[in-house]
Protein chains: 2
Amino acid sequence: MTKGYSTSNDFDEVDLKLLTFIEDDFDVSLDELSDELEISKSAVHYRLNKMKESGVIKGITADLNPEPFELDMVAITEVSVTHEKGYSTDIGNKLADINGVEQVYYTMGDVDFMVLTRVQDRNQMNEVIDQMVAIDGVNETSSRFVMDEVKNNPKFMNNFSQE
Amino acid sequence: MTKGYSTSNDFDEVDLKLLTFIEDDFDVSLDELSDELEISKSAVHYRLNKMKESGVIKGITADLNPEPFELDMVAITEVSVTHEKGYSTDIGNKLADINGVEQVYYTMGDVDFMVLTRVQDRNQMNEVIDQMVAIDGVNETSSRFVMDEVKNNPKFMNNFSQE
DNA sequence: AATGAAATCGACCAGCA
DNA sequence: TGCTGGTCGATTTCATT
């Protein structure tokens, strides 16, 4: 974040509306956004550029469907570590680097990491768990299988609009 | 998914390379992709269109930075339900609809749902938890605060390339 | 599936409020 | 600083192979 936008106060209504739109769908033309926001195409472009440069917009990405890749086995694993050595950013990164691991959170409380894994089948899941316990400092793991991904598409602007 | 791409076998190397690129960064020119894949710009465009239409590419979205919105409080909550009535898709959807709730998974085992919540402060977090326990059928909740989001940017192609 | 040409759209710039 | 309008280059579309 090079400049501007240190707090939410730096956004006007048009910015918020723009962000809400493009967080949901960026596969639209400038004309469409221009119509919706009732500002000129150039102005839309100007605001987008500014937010990209400032880091408010981290990037533009394609959201893929896991189904065609048969990535339909998902598990959530609690990982406990032995609290000997200095702290566990190291272990967190090693967990994150395992193939199939999608999300890693370092948490307060009885367990240290929550890990979400997505793979194609039980064999791959076993491999992932094996790699977790093989990490130096990992003490114990406990996994739950996900039967249904009710919601897994974070949209910050939804959370923010409650303010 | 209207046609094609029912299994991973329907993708050739170029498709996989293309998907790997755009899942990470779609803010690139056709020329860049054309160079990288060593096919013509039109061919890139053709493949992209096909994958959008077939649903392999679910959409193009902007990835936003939570920091400017001060959405830096994250918690993971285990939700248990009373298993009386018919099943709990209903409860899952109600959890998903709560403002601030980002992810909801229906899981096997001792708890029924894992919920990830992102809000601005403790007050908002309390509100969210209140709304969870207020849902009819919700029995018990247990929350852990997230100290560090080690990894939270799912990339299917990373998981897939292990195959 | 892929190509090349024609039509459309987006990126960039100088200038203005 | 935010925006405008115009130019140029990039993208989309389509007939063709």
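No hydrogens, no waters, no symmetry mates; every other heavy atom, side chains included, goes into these values. Note on naming: letters A, B, ... go to the chains in the order of the sequence lines (proteins, then strands), and numbering restarts at 1 for each one.
- For the side chain to side chain contact (heavy atoms under 4.5 Å, CB included) test with A/Leu19, the passing option among A/Leu48, A/Ile57, A/Asp24 is A/Ile57; the others fail.
- Between the CD atom of B/Glu13 and the P atom of C/dA1 there is a distance of 15 Å, given to the nearest Å.
- A salt bridge is defined here as a Lys NZ or Arg NE, NH1 or NH2 lying under 4.0 Å from an Asp or Glu carboxylate O, and B/Arg47 with B/Asp12 meets this definition.
- Atom CG of B/Leu71 is separated from atom OG1 of B/Thr117 by 12.0 Å, given to the nearest 0.5 angstrom.
- Here the P atom of nucleotide C/dA11 and the CG atom of A/Leu33 are 11 Å apart, to the nearest Å.
- The nearest heavy atom of DNA chain D to A/Tyr46 and to A/Asp27 marks one nucleotide each, and the one closer to the 5' end goes with A/Tyr46.
- Checking C/dA1, C/dG4, D/dT12 against the side-chain heavy atoms of B/Ser42 singles out C/dG4 as nearest.
- When distances run from any side-chain atom of B/Lys50 to the nucleotides C/dA1, D/dT13, C/dC12, the shortest one goes to C/dA1.
- Closest to the side chain of A/His45, out of D/dG2, C/dT3, C/dC12, is C/dC12.
- Distance A/Leu37 CG to D/dG2 P: 16 Å, rounded to the nearest Å.
- Taking atom CG on B/Leu48 and atom P on C/dA1, their separation rounds to 14 Å, with Å as the unit.
- Distances were taken from every side-chain heavy atom of A/Leu30 (C-beta onward) to each of D/dT4, D/dT11, C/dG10; the shortest belongs to C/dG10.
- Between B/Asn49 atom CG and D/dT13 atom C1' the separation is 9 Å, expressed in whole Å.
- Cluster annotation: B/Leu116 is not connected to B/Val81 through the hydrophobic network of ILVMFWY side chains, with a link wherever side-chain heavy atoms come within less than 4.5 Å.
- Which of D/dT4, D/dC3, D/dT12 sits closest to the side chain of A/Ser40 comes down to D/dT4.
- In this structure, of D/dT11, C/dG10, D/dT1, it is C/dG10 that holds the atom nearest to the side chain of A/Lys41.
- Between B/Lys151 and A/Asp97 there is no salt bridge, since none of the side-chain N atoms of the basic residue sits less than 4.0 Å from a carboxylate O of the acidic one.
- Distance CG (B/Leu18) to P (C/dA1): 14 Å, rounded to an integer number of Å.
- Put simply, CZ on A/Arg47 is 18 Å from P on C/dG10, counting in whole angstrom units.
- When the C1' atom of C/dA1 is taken as reference, atom CD1 of B/Ile39 falls 10 Å away, rounded to whole Å.
- Looking at heavy-atom distances under 4.0 Å, A/Ser29 makes contact with sugar-phosphate atoms alone, never a base.
- Distances from the side chain of A/Asp31 to the nucleotides D/dG2, C/dG10, D/dT13 place C/dG10 closest.
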